[in-house]
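Order of the sequence lines sets the chain letters (A, B, ...), proteins ahead of strands, with each chain counted from 1.
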Amino acid sequence: DAGVIQSPRHEVTEMGQEVTLRCKPISGHNSLFWYRQTMMRGLELLIYFNNNVPIDDSGMPEDRFSAKMPNASFSTLKIQPSEPRDSAVYFCASSVGVTGELFFGEGSRLTVL
Amino acid sequence: AQSVTQLGSHVSVSEGALVLLRCNYSSSVPPYLFWYVQYPNQGLQLLLKYTTGATLVKGINGFEAEFKKSETSFHLTKPSAHMSDAAEYFCAVSEGGGADGLTFGKGTHLIIQP
């Protein structure tokens, strides 16, 4: 079975550019989570969706960040405009029910110059 | 609010020695507790979890953890370390059964000395 698929795996961009990260959750999973991982702050929950509906976006750092989930098999995290402090690894994870087990993708490593 | 504290950002043990990674949590309700492992340039994968019932939980790769409510702890152990255990380990807590995401600790980097 395919796991959570994220793209791109690596992105290098210049400050001020728009960045779009993509995620395909595991089929049948009804919850999707976006996390950001940095050395300084560890793993931070940015936003999560249940049944394609955003439930809690309180972790989104600024209005420059936005996330969508137009259907059960696709989600995007967009940063516009990007800044060097946005450099991090962004993980998407999905889950089903209330088991608590999150299945993570391999992450998208973003470098903003 | 829930939180997780992992004592020691780096832990070094010899191959064959006991592994002990410490995790303490804060939660206003009975928590769900998790340990995840992250290998370089990969995502996180679940080692084990505690929801209800037996407080000693066994996971993959010979790891186990014990939920101690009185100590608000969920330490991870393995009797004999293997070189392949070198990785980053994260403890996590959820008050909502995981449906609202997990709160992670800062992680512990496990180093295995030959």
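For CG of A:N71, the number of neighbouring non-hydrogen atoms (other residues, nucleotides, ligands) closer than 6.0 Å is greater than 12.
Of the N and O atoms on the side chains of A:Q37 and B:Q38, at least one donor lies less than 3.5 Å from an acceptor on the other residue.
Of the atoms belonging to B:L46, it is side-chain heavy atoms, and not backbone ones, that fall under 4.5 Å from chain A. With a threshold of 4.5 angstrom between heavy atoms, A:R9 approaches chain B through side-chain atoms but not through N, CA, C or O. Proximity to chain B is absent for every atom of A:I55, based on heavy atoms less than 4.5 angstrom apart.
Between B:K78 and B:E64 there is no salt bridge, since none of the side-chain N atoms of the basic residue sits less than 4.0 Å from a carboxylate O of the acidic one. Salt-bridge check for A:R85 with A:E62: passed, with a basic side-chain N closer than 4.0 Å to an acidic carboxylate O.
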